[in-house]
Amino acid sequence: MNKTLQYIDKLLEGADVEWKTLGVVASVNRGHRVTKRELSPEKHYPVYSGGVSPMGYFDKYNQEANTITIVKYGTAGFVNFITEKFWANDVCYCVKPSSILNNKYLLYILKNNQNQINSLATDAIPAHLPTEAINGLQIPIPCPENPKKSLEIQTEIVRILDTFTELTAELTAELTAELTARCKQYNYYREALFSFDVNELECKSLGEIGELVRGSGLPKVDFTEIGVPAIHYGQIYTYYKTFTTETKSFVSPETAKKLKKVDTGDVIITNTSENLEDVGKAVVYLGKEQAVTGGHATIFKPSKVISGKYLAYFTQTERCASQKRKLAKGTKVIDVSANDLAKIKIPVPSPEEQARIVSILDNFDTLTSSLNDGLPKEIELRKKQYEYYRDLLLTFPKEEIKA
């Protein structure tokens with residue numbers, strides 16, 4: 001007998017488990033339609049429909065707090081638990097257990113079978129979850145011959161799973177707070193390190209301290225599995241950080257001949273984005289093999305007076321951002337041309353001072369990157385641990401369904 005069955009057998013203390021369909025042990029009813037015209041942010045009660053989040057707010061409610069919902073259309077099959085009074089729209093099922101079921105126990109059972117419920121949705125457009133499919137879900141009822149004992153077992157299962165849920169939430173909050181604090185500290189020191197007195201240190205334009213080469217071409221269809229390293233402008237604000245020794249993409253040697261060349265130490269700067277924050281984002285290429293880049297990006301080839309990394313860190317400061325805002329053009333698509341990038345002023349201390357600043361910011365970057373990379377992994381680990389115990393507590397001996 002595996003560990004899951006041993007655990008649940010101990011909890012059951014020899015009691016039977018009876019499987020019943022959801023339609024027998026709970027009421028499953030759709031909500032009532034309201035239109036978007038009837039909704040307003042000023043109204044009080046959230047309206048749940050075919051999505052994960054409220055579609056808006058209404059001045060009435062038709063469901064009490066702590067109600068289980070299952071989406072019929074839209075994100076069909078999604079199981080939710082609404083902890084406040086709300087209005088259920090007509091594409092949302094509301095599930096209310098009978099007296100033999102603990103409400104949270106039923107929620108955990110349904111959540112534990114989320115993949116199965118999702119699979120019951122039709123392939124039609126839009127996908128929808130038939131009522132008969134929901135009503136046919138199998139729900140295990142421990143110790144059915146003794147309703148009081150049954151509810152005690154269900155309550156104990158809920159208590160344990162609630163504890164794991166709370167611990168996971170607390171850990172996630174702590175990790176997120178740690179990352180936020182470190183990022184704020186990093187931003188503070190980065191701004192401070194570039195706050196040179198303009199009377200003591202001359203600022204020079206990018207055009208004075210290096211060459212700016214505007215890229216062209218390089219649609220994503222030109223990417224290959226192997227070949228010449230290539231940096232696409234969109235990857236600079238979605239994939240790369242401050243510097244990289246390897247590229248995410250490659251192009252054929254034939255395509256590379258038509259593109260602008262990126263040498264070790266060059267800085268690739270984005271010219272175009274849908275928001276001002278991403279325009280001007282930079283990545284320093286430190287790879288050994290010459291790379292290429294294409295349109296909507298400008299290559300900055302630094303002279304001996306400026307470090308590529310120093311410039312890349314400067315582009316992340318408010319001092320740089322304030323200049324970008326004045327140079328940017330466009331509304332839906334924001335652009336700062338290579339000619340305008342050349343006008344951006346940057347404080348240029350000695351090479352030794354630049355190296356000192358880069359070293360400090362590299363250390364902060366390593367720390368925040370480690371936290372940023374580790375946070376999702378840690379949360380995923382806790383999630384798997386939680387799901388393991390949920391499976392452990394909700395794996396009952398299966399027998400023929402009794403309606």
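Bear in mind the structure is a predicted one, so any value in this text is a computation, not a measurement.
Checked against a 6.0 Å centroid threshold, the rings of Y48 and F78 do not count as neighbours. In this structure, F86 has its ring center at least 6.0 angstrom away from the ring center of Y61.
The number of heavy atoms from other shown groups lying within 6.0 Å of CD (E246) does not exceed 12. Few gaps surround CD on E178; more than 12 heavy atoms of other groups in view lie less than 6.0 Å from it. Within a 6.0 Å radius of CD in E277, no more than 12 heavy atoms belonging to other residues, nucleotides or ligands are found.
Between Y189 and F364, the ring planes lie parallel to each other; the angle is under 30°, not in the 30° to 60° tilted range.
For the residue pair Y239 / K248, no side-chain donor-acceptor distance below 3.5 Å is found, with atom types taken as modelled. A donor atom on one side chain and an acceptor atom on the other are not found under 3.5 Å apart for S195 and E191. Side-chain atoms of S249 and H232 include no donor-acceptor pair closer than 3.5 Å. With hydrogens and angles left out, the side-chain atoms of T35 and E38 include a donor and acceptor closer than 3.5 Å. If you check the side chains of K96 and Q63, you find a donor sitting under 3.5 Å from an acceptor. Looking at N118 and Q114, their side chains do bring a donor and an acceptor atom within 3.5 Å of each other. Counting only N and O atoms by type, the side chains of S252 and T255 include a donor and acceptor under 3.5 Å apart. A side-chain donor-acceptor contact under 3.5 Å links T131 and Y93.
No donor-acceptor distance shorter than 3.5 angstrom exists from the side chain of N271 to the backbone of D335, with no hydrogens or angles considered. Using a distance-only test at 3.5 Å, with no hydrogens or angles considered, a donor-acceptor pair links the side chain of K261 to the main chain of A256. A donor-acceptor contact shorter than 3.5 Å links the side chain of W87 to the backbone of H32. Using a distance-only test at 3.5 Å, with no hydrogens or angles considered, a donor-acceptor pair links the side chain of S303 to the main chain of I209. Put simply, the side chain of E289 never gets that close to the backbone of P229: no donor and acceptor are under 3.5 Å apart. At distances below 3.5 Å, not a single donor-acceptor pair connects side-chain atoms of E156 with backbone N or O atoms of I153. A distance-only check finds no donor-acceptor pair linking the side chain of N113 to the backbone of Q116 [under 3.5 Å]. No donor-acceptor pair under 3.5 Å is formed between the side chain of K281 and the backbone N or O of T270. Looking at Q354, its side chain does come within 3.5 Å of a backbone N or O of P349 through a donor-acceptor pair. With hydrogens and angles disregarded, no donor-acceptor distance shorter than 3.5 Å links the side chain of K72 to the backbone of C92.
Between I157 atom CD1 and I109 atom CD1 the span is 7.0 Å, to the nearest 0.5 Å. Separation of atoms OG1 (T293) and CZ (R214) is listed at 10.5 Å; rounding is to 0.5 Å. If you take NZ on K111 and CD on E387, they are separated by 10.5 Å, rounding to the nearest 0.5 Å. For the atom pair Y57 OH and L39 CG, the distance stands at 10.5 Å (nearest 0.5 Å). Between the CD1 atom in I100 and the CD1 atom in I141 there is a gap of 4.5 Å [rounded to 0.5 Å]. Rounded to the nearest 0.5 Å, atoms CG (D16) and CG (N146) are 11.5 Å apart.
K104 pairs with exactly one of N66, D162, T155 by the side chain to side chain donor-acceptor pair (under 3.5 Å) rule, that one being D162.
Partners of T242 according to the side-chain contact (heavy atoms from CB on, under 4.5 Å) rule, which considers only residues two or more places apart in sequence or in another chain, are A312, Y313, Q316, D365. The side-chain contact (heavy atoms from CB on, under 4.5 Å) search around A133 returns L120, P130, not counting sequence neighbours. For the ring-ring contact (aromatic ring centres under 6.0 Å, His included) test, no residue two or more places apart in sequence or in another chain qualifies with F300. The side chain to side chain donor-acceptor pair (under 3.5 Å) check on E318 picks up R325, with sequence neighbours excluded. Applying the ring-ring contact (aromatic ring centres under 6.0 Å, His included) test to Y237 and every residue at least two apart in sequence or in another chain returns nothing. F81 pairs by the ring-ring contact (aromatic ring centres under 6.0 Å, His included) definition with nothing, not counting sequence neighbours.
Closest heavy-atom contact between S307 and V358: OG-CG2, 4.3 Å. Between T21 and G136 the shortest heavy-atom distance is CG2-O, 4.0 Å. The two residues P142 and Y105 have their closest heavy-atom pair at CD-OH, 3.7 Å. What you find for V95 and A26 is that their closest heavy atoms are CG1-CB, 4.1 Å. Among all heavy-atom pairs drawn from T69 and C94, the shortest one is CG2-SG, 4.4 Å. For the pair V79 and I70, the tightest heavy-atom approach, listed with the atom from each and the gap, is CG2-CG1, 4.2 Å.
Figure legend: cation-pi geometry between R182 and Y186 absent, as NZ or CZ is not positioned both under 6.0 Å from the six-membered ring centre and within 45° of its axis.
Contact check for K301 versus D263: side-chain heavy atoms found under the 4.5 Å cut-off. Contact annotation: the side chain of L201 never approaches that of V348 to less than 4.5 Å [non-hydrogen atoms, C-beta and beyond]. In this structure the side chain of Y240 reaches within 4.5 angstrom of the side chain of T247, judged on heavy atoms. A 4.5 Å side-chain heavy-atom check between H44 and D59 finds every atom pair outside the cut-off. Between V47 and V34, the closest side-chain pair of non-hydrogen atoms falls below 4.5 Å. No side-chain heavy atom of C203 sits less than 4.5 Å from a side-chain heavy atom of F196. Side chains of I231 and Y285 form a contact here, defined as non-hydrogen atoms less than 4.5 Å apart. Between V213 and T298 there is no side-chain heavy-atom pair separated by less than 4.5 Å.
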* Residue pair E353, R356: steps toward the salt bridge (Lys or Arg N to Asp or Glu O under 4.0 Å) verdict -> CA-CA 5 Å; E353 179 62 11; R356 186 185 74 86; 2.8 Å; yes
* To do: Start with the C-alpha gap between D340 and K324, add the side-chain angles, then the distance that decides, and say whether salt bridge (Lys or Arg N to Asp or Glu O under 4.0 Å) holds.
  => CA-CA 9 Å; D340 284 334; K324 280 195 304 181; over 6 Å; no
* Asked: Is there a side chain to side chain contact (heavy atoms under 4.5 Å, CB included) between T317 and R190 once you walk through the steps?
  -> CA-CA 7 Å; T317 66; R190 186 177 58 212; 4.0 Å; yes
* Applying side chain to side chain contact (heavy atoms under 4.5 Å, CB included), run through Q323 and K345 and close with a yes or a no. => CA-CA 8 Å; Q323 297 183 69; K345 297 281 190 177; 3.6 Å; yes
* Trace of the side chain to side chain contact (heavy atoms under 4.5 Å, CB included) decision for K20 with Q138 -> CA-CA 6 Å; K20 290 182 175 289; Q138 300 177 25; over 6 Å; no
